[in-house]
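Everything below concerns the one structure shown next.
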Amino acid sequence: MKQDNILTVEHLEMQFGGIKALNDVNFEIKRGSISALIGPNGAGKTTVFNCLTGFYKATGGAITLFANGKQTRVGKVLGEPFQSSDYVNPAAFASRLRYKMFGGSHLVNRSGLARTFQNIRLFKEMSVVENLLVAQHMQVNRNLLAGIFNTPGYRKAESRALERAFYWLEVMDLVDHANKLAGSMSYGQQRRLEIARSMCTNPELICLDEPAAGLNPAETHALSSMIRVLQKEHNATVLLIEHDMGMVMDISEHIVVLDHGEVIARGGPDDIKSNPKVIAAYLGAEDDEEVTL
Amino acid sequence: MDIVLQQLVNGLTLGSVYGLIAVGYTMVYGIIGMINFAHGDVYMVSAYITAIVLALLSFFGIHSFPVVILFTLLLTIIITGVYGWTIERVAYRPLRNSTRLAPLISAIGMSLILQNYVQIAQGARSQGVPTLLDGTLRMHIGDGYVQLTYMKVFILVAAFSGMGILTYIIQKTTLGRMCRATQQDRKMASILGINTDRIISYVFVIGAAMAALAGVLITLDYGSFDFFVGFVIGVKAFTAAVLGGIGSLPGAMLGGVILGLAESLFSGLVNTDYKDVFAFGLLVTILIFRPSGLLGKPAVEKV
């Protein structure tokens, strides 16, 4: 199965009480591309991410991920309510029951999607290397007895994980800080570590939530080239939320614009720049928001 | 002089057992932020399981001490671990996303259920087990002497090796790493693909296993127990966990040892009746100067 799109979002809806944060959001992400999700503050960008990664359970619509050689419906692995048709179809009933009992957002990650957060969420009291090792828990030997007796197999898996961790530290230019506590590093380094940690879970699609927030222009530039490395050398598809329009227009091939929980425009950077709806949304949204599209 | 030494030794054995139970409180608090009030009763259940296993072994004619102790420890830890797992699955997990107080009330309910279930199943009278290990180490100092039964020596060795193994698991193994990650940020751990529900189950099993170790040791030493023993020792162990800084693993062990030492030194040198007053007075004093406990970190509101 070789799908062109790695992710399709259809009629996504998210309701918090009486407030509709997302209303009929549709878009798809091409495999191997760099795409951006932009929009004024409060447009629902992070809510979309939260629905994608299973942080929230979407109240309507379907999110389908085509990664790791299979098709995953995000709503399904989070566990959804039984439907009347399940009671005549034992197989569907069993799978529904299984996901209800053992499902959760960890399965979304295991099917090939990783993300970072707007406010950095590192394990601050662990060392930098440990942060990366935790992320590789699917690839190491998790047998407790093997760990206690430190068997050769365990040591081998562990040293492979260490190698991979140091590989990513090198890519993200953090090797010198390997043994520091994650919380003691500077802001920019923490951001890069978060990306490295997500990449350690071997995702096919990585979602970055405002990776350039709080970085200076030089750091932003370095980040752009790192994101390109992820795409080119690791076949990762990148989806990012970003307010730095310079960076967005520079690196992304496809842009989805969100406003008030709805998609108002989709297309390449040039289309978006000249789209009157997008300009109106940005100018009408915030007085202090600088817009140079 | 010999009294002080004797009480130090007694306090260390008592404290190491407090520490073992305190570990269960502190790990559960660390990972899901609730006080597991049923933990003391898990300890009580393990005392009964110890007696049942001992009776079975003697029924099958097994009397050699190493074999008996090995089987008792193994079976008690496994069965108590199953209790820990079940309690979490039945009483706490369904309430995971409700208010913070809900699991607390559910824990108190679980504690009552366990007490009454054991009372009905095993009877309300206190039960006993025979002494397995006779003999005493005695060291003369001047006119007096310090003595230590072999059983107490065994308690010290077993309790401290238990803590050592646990520390190793948490610090060095993959499972421990996942536990620490889940403790620091559960949502993030799950986004990285860690099955956090399973990790929480493991933590409950580990806590119950440590309580079971304590249960076997104390039961073999004291010889008698009833369905209510879990309460007092549970409160003591909880105190130890708070003293050391709840949420901190080395803190729980340290808190246990300090509490045990304080209790036995006070009862040996001053007055037995007021030993609990002294122990809790110590807790209050320490909390005044270090509100988060000896090794605890000040609580920072997560954003």
Side-chain angles (χ1 to χ4, degrees), chain A residues 49-50 52-56 78 101-117 119-127 129-150 154 157-158 161 182-183 194 197-198 200-203 207, chain B residues 30-31 74 77-78 81 89-90 93-94 96-97 161-162 164-203 205-206 209 245 247-250 295-298 300-303:
Chain A
F49 266 31
N50 285 341
L52 292 184
T53 49
F55 210 70
Y56 294 157
L78 292 181
M101 288 184 65
F102 305 111
S105 45
H106 60 280
L107 291 179
V108 179
N109 176 276
R110 291 182 190 180
S111 47
L113 187 151
R115 80 171 282 189
T116 64
F117 282 87
N119 46 343
I120 302 173
R121 296 182 77 153
L122 290 170
F123 302 121
K124 295 207 170 70
E125 285 153 37
M126 294 167 116
S127 73
V129 171
E130 272 189 314
N131 263 281
L132 298 183
L133 292 179
V134 165
Q136 299 183 50
H137 66 100
M138 288 304 284
Q139 298 133 42
V140 296
N141 188 338
R142 285 181 294 158
N143 187 314
L144 180 58
L145 289 178
I148 292 176
F149 295 114
N150 207 4
Y154 178 83
E158 201 72 339
E194 216 187 11
R197 185 179 62 177
S198 300
C200 276
T201 62
N202 276 350
C207 301
Chain B
I31 208 152
L74 211 62
I77 285 177
I78 291 172
R89 195 72 185 79
V90 172
R93 192 180 296 181
R96 186 71 48 75
N97 295 319
S161 4
I165 292 173
L166 181 64
T167 311
Y168 181 81
I169 290 177
I170 296 296
Q171 291 302 328
K172 295 279 189 249
T173 67
T174 326
L175 176 70
R177 210 153 53 205
M178 293 200 284
C179 284
R180 279 180 291 141
T182 309
Q183 170 160 8
Q184 287 178 36
D185 190 339
R186 182 163 17 125
K187 280 273 171 68
M188 189 65 228
S190 130
I191 297 271
L192 287 174
I194 293 174
N195 189 344
T196 48
D197 279 341
R198 186 163 299 166
I199 297 293
I200 292 171
S201 292
Y202 282 141
V203 165
V205 170
I206 291 173
S248 149
L249 193 59
L295 300 181
K297 291 190 190 64
V300 183
E301 197 62 35
K302 265 193 201 140
V303 219

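This structure is a prediction, so every number in the text was calculated from the model and none was measured. Excluded from the calculations below are hydrogen atoms, water molecules and symmetry mates; all remaining heavy atoms, backbone and side chain alike, are included. All chains are named by letter (A, B, ...) in the order of the sequence lines, taking the proteins before the strands, and each is independently numbered beginning at 1.
- Neither the backbone nor the side chain of A:L107 comes within contact range of chain B, judged by heavy atoms closer than 4.5 Å.
- Counting heavy-atom pairs under 4.5 Å between each of A:N150, A:T53, A:I148 and chain B puts A:I148 at the top.
- With values rounded to the nearest 0.5 angstrom, A:F123 atom CZ is found 7.0 Å from B:T182 atom OG1.
- Only the side chain of B:I169 comes within less than 4.5 Å of a heavy atom in chain A; its backbone stays farther off.
- Nearest heavy atoms, A:H137 versus B:L192: NE2-O, 3.3 Å.
- Using a 4.5 Å cut-off between heavy atoms, A:Q136 does not touch chain B at all.
- For A:V108, no part lies near chain B; criterion is any non-hydrogen pair under 4.5 Å.
- The NE2 atom of A:H106 lies 7.5 Å from the OG1 atom of B:T196; values are rounded to the nearest 0.5 Å.
- In this structure, A:V134 and B:A181 approach most closely via the heavy-atom pair CG1-CB, 3.7 Å.
- Between A:E130 and the options B:K172, B:R180, B:R177, a salt bridge (Lys or Arg N to Asp or Glu O under 4.0 Å) holds for only B:R180.
- Of all the heavy atoms in A:R115 and B:M188, the pair that sits closest is O-CE, 4.2 Å.
- Contacts of B:I191 with chain A are made by both backbone and side-chain atoms, with heavy-atom separations under 4.5 Å.
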Please evaluate residues B:T174 and A:Y154 with respect to the criterion side chain to side chain donor-acceptor pair (under 3.5 Å), reporting the C-alpha separation (whole Å), side-chain torsions for both, the decisive distance (0.1 Å), and the verdict.
CA-CA 9 Å; B:T174 326; A:Y154 178 83; 3.3 Å; yes
